[in-house]
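Contents: one structure, followed by commentary.
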Amino acid sequence: MDSALRSITVSLGPRTYDVVVGKGLLRQAGTAIRNLGFAGHVVILTDANVSRLYSEPLRSSLLQAGLSCSEEIIPSGETSKSFSVAEKLCEALARERVDRSGIIIALGGGVVGDLAGFVASIYARGIPYVQVPTTVMAQVDSAVGGKTAINLGAGKNLVGSFHQPVLVLADIGMLETLPAQVKNEGFAEVIKYGVIAQPDLLDILSQPSLSDLGSLVAGCVSIKARIVAKDEREESGDRALLNLGHTIGHGIEAVAGYGTMLHGEAISLGMRAALWLSTEKAGFPKNDYTRVVSLLKKFGLPTVLPDHFPTETIIQKVLADKKFVRGEIRFVLASSLGAAFVSDEITRSDLATAVGVLRESRV
């Protein structure tokens, strides 16, 4: 293996797989899939924007490895995470006579990865899939861990399954073609990892330039791999820590309308709210709260909620979220950098106050 490549193993017994991080991985995809023992028909699932850039080299790699392949292109954006699009994809797989020896490649960001994983989990009662994430957000977070989902009008990711990929190829070179806004939203998740597990990530993000994205991606993946290996299905509580900022963030995203606000932008707002609550309820140092908010701003992420987002509507969406269990919110707080925990003591009133804080530009 090239010394510039990093491989992180997600240890899950028979569902164990590797996440490979480095440059030039797209052109090695065919060989990597062949080396795993797969020989069935490959369906590339992607969106129009990504297809124009990367479908041809991926297809070429598959054909050179002796694999037959086809491509399904979905509309870009969060609205594609729906029953109707999932149904169309399943019908397409059936028309192509894909059987249980087939494999799906998710070529794209978080939307493509979530949808492709969901379709792979239900078609023919489950077929394998490979994640080839093309955004910072997907490489550091959503492509790893096996959470697949589609959205409902009532909330984000309310229909889904746990279905682990058989391989993740995080090609850092693909990040070079991202628009700045799409690239920067992913750093909300990197900041989250710094808060919950590895504060030195915040030191790296504070530097004037990020010269080694590969190390940053591999660092986040390593954290998530450890957490997922301990708590694959979010049963013991360890995996729930990955939801820092997501409870209120998902509520804001739903109120904005899927596709209106990038996921990382909503999580940025949710993280500010969660850390403000942490200062009030868990002793999180206020100087660290200010530091994290400043980092979010550095990457152009929003920290102030527009006035036309009604607080009560956001709270209603939060209460419809998966994290609302038996009448209680399972809310992630932090007592210090690197020390996060799940609390069941956050009330509806606390949530409303935290959303109100988001309307203040002064930190």
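It should be emphasised that the depicted structure is a prediction, and the values quoted were computed from it without experimental measurement.
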Subject >> F162 side chain reached by V228 side chain, heavy atoms, under 4.5 Å >> reply: no
**OP:** Return yes if a side-chain donor-acceptor contact under 3.5 Å exists between T148 and D114, otherwise no.
**Re:** no
Original post:
Going hydrophobic residue to hydrophobic residue with side-chain gaps under 4.5 angstrom, can you get from M137 over to L25?
Top reply: no
Subject >> Contacts of N151 that satisfy side-chain hydrogen bond (donor to acceptor under 3.5 Å, both in side chains) - sequence neighbours left out >> reply: E78
Original post:
Looking at side-chain heavy atoms only, is the closest gap between I150 and F118 below 4.5 Å?
Top reply: yes
Original post:
Taking it one step at a time, do R272 and Y289 satisfy side chain to side chain donor-acceptor pair (under 3.5 Å)?
Top reply: CA-CA 8 Å; R272 180 187 174 190; Y289 164 72; 3.0 Å; yes
Original post:
Under the salt bridge (Lys or Arg N to Asp or Glu O under 4.0 Å) criterion, do R95 and E72 qualify, and how do the steps go?
Top reply: CA-CA 12 Å; R95 282 195 305 272; E72 295 296 329; 5.4 Å; no
**OP:** Could you check if a side-chain atom of K281 sits within less than 4.5 angstrom of a side-chain atom of I346, using non-hydrogen atoms only?
**Re:** yes
Subject >> Any side-chain donor near an acceptor of the partner, H41 and S68, under 3.5 Å >> reply: yes
**OP:** Apply side chain to side chain donor-acceptor pair (under 3.5 Å) to T347 and D350, showing your working.
**Re:** CA-CA 5 Å; T347 66; D350 292 331; 3.1 Å; yes
Subject >> Minimum heavy-atom distance between T31 and A65, given as atom pair plus value >> reply: N-CB, 3.9 Å
Original post:
In Å, rounded to the nearest 0.5 Å, how long is the span from CE of M261 to OG of S268?
Top reply: 9.5 Å
Subject >> L62 CG to R34 CZ distance, which is reported to the nearest 0.5 Å >> reply: 10.5 Å
Original post:
How far apart are the closest heavy atoms of P133 and V168, and which atoms are they?
Top reply: CD-CG1, 4.0 Å
**OP:** Over all heavy atoms of both residues, which pair between I127 and G102 is shortest? Give the atoms and the distance, please.
**Re:** CB-O, 3.9 Å
**OP:** Say whether V43 and I73 are linked into one hydrophobic cluster, either directly or through other cluster members, by side-chain heavy-atom distances under 4.5 angstrom.
**Re:** no
**OP:** Using a strict cut-off of less than 4.0 Å between a Lys/Arg side-chain nitrogen and an Asp/Glu carboxylate oxygen, indicate whether R59 and E56 qualify as a salt bridge.
**Re:** no
Original post:
Does L45 reach the side chain of Y129, with side-chain heavy atoms less than 4.5 Å apart?
Top reply: no
Original post:
So, E312 and R348, do they make that salt bridge, N to O below 4.0 Å?
Top reply: yes
**OP:** Using a 4.5 Å cut-off on heavy atoms from C-beta on, say whether the side chain of L152 contacts that of V159.
**Re:** yes
Original post:
What residues form a salt bridge (charged side-chain N to carboxylate O under 4.0 Å, His left out) with R359, not counting sequence neighbours?
Top reply: none
**OP:** Return the minimal non-hydrogen interatomic distance between S80 and L115, and the atom names on each side.
**Re:** O-CD2, 3.6 Å
Original post:
Is there a chain of hydrophobic side chains (I, L, V, M, F, W, Y, each step under 4.5 Å between heavy atoms) that links V357 to L305?
Top reply: yes
Subject >> Test item: K88 and I74 side chains (from C-beta on) under 4.5 Å apart, heavy atoms >> reply: no
Original post:
Counting only heavy atoms not in K286, do more than 12 sit closer than 6.0 Å to its NZ atom?
Top reply: no
Subject >> D238/R233 ion pair, N-O < 4.0 Å >> reply: no
Original post:
Any chain of hydrophobic side-chain contacts (each under 4.5 Å) joining L169 to I44?
Top reply: yes
Original post:
Between S84 and S82, do the side chains contain an N or O donor and an N or O acceptor separated by less than 3.5 Å?
Top reply: yes
Original post:
Would you say the side chain of L301 lies within less than 4.5 Å of the side chain of M271, judging by non-hydrogen atoms?
Top reply: no
Subject >> Salt bridge R27-D171, side-chain N to carboxylate O under 4.0 Å >> reply: no
Subject >> Nearest-0.5 Å distance that lies between atom NE2 in H263 and atom CD1 in I252 >> reply: 12.0 Å
Original post:
Within a radius of less than 6.0 Å around CD of E96, do more than 12 heavy atoms belonging to other residues, nucleotides or ligands occur?
Top reply: yes
Original post:
Would L277 and F284 count as a side chain to side chain contact (heavy atoms under 4.5 Å, CB included) if you check the C-alpha gap in whole Å, the side-chain angles of each, and the deciding distance to 0.1 Å?
Top reply: CA-CA 9 Å; L277 279 173; F284 189 77; over 6 Å; no
Original post:
Can you name the nearest heavy-atom pair linking S61 to G30, along with the distance?
Top reply: OG-N, 2.7 Å
Original post:
Between atom CG of L26 and atom OG of S60, what is the distance when rounded to the nearest 0.5 Å?
Top reply: 9.5 Å
**OP:** Would you please name every residue forming a side-chain hydrogen bond (donor to acceptor under 3.5 Å, both in side chains) with E232, sequence neighbours left out?
**Re:** R15, Q164
Subject >> Check: K224 and R239 side chains under 4.5 Å, non-hydrogen atoms >> reply: yes
Original post:
Considering the options V19, V130, N35, which one meets the side chain to side chain contact (heavy atoms under 4.5 Å, CB included) requirement together with L167?
Top reply: V130
Subject >> Candidates K317, K156, K81 - the one meeting salt bridge (Lys or Arg N to Asp or Glu O under 4.0 Å) with E253 >> reply: K156
Subject >> From K183, Q139, E176, residue fulfilling side chain to side chain contact (heavy atoms under 4.5 Å, CB included) relative to L213 >> reply: K183
Subject >> Joint hydrophobic cluster, L296 plus V304, side-chain heavy atoms closer than 4.5 Å >> reply: no
**OP:** Evaluate salt bridge (Lys or Arg N to Asp or Glu O under 4.0 Å) for D141 paired with K147, printing each intermediate quantity in order.
**Re:** CA-CA 10 Å; D141 189 71; K147 278 189 176 181; over 6 Å; no
Subject >> Atom pair CZ (F309) and CG (L358), whose distance is rounded to the nearest 0.5 Å >> reply: 11.0 Å
Original post:
In this structure, which one of T46, T134, T177 forms a side chain to side chain donor-acceptor pair (under 3.5 Å) with Y54?
Top reply: T177
Original post:
Between the side chains of S11 and R226, does any donor sit under 3.5 Å from an acceptor?
Top reply: no
**OP:** For A352 and I315, work out which heavy atoms get closest and say how close.
**Re:** N-CD1, 3.8 Å
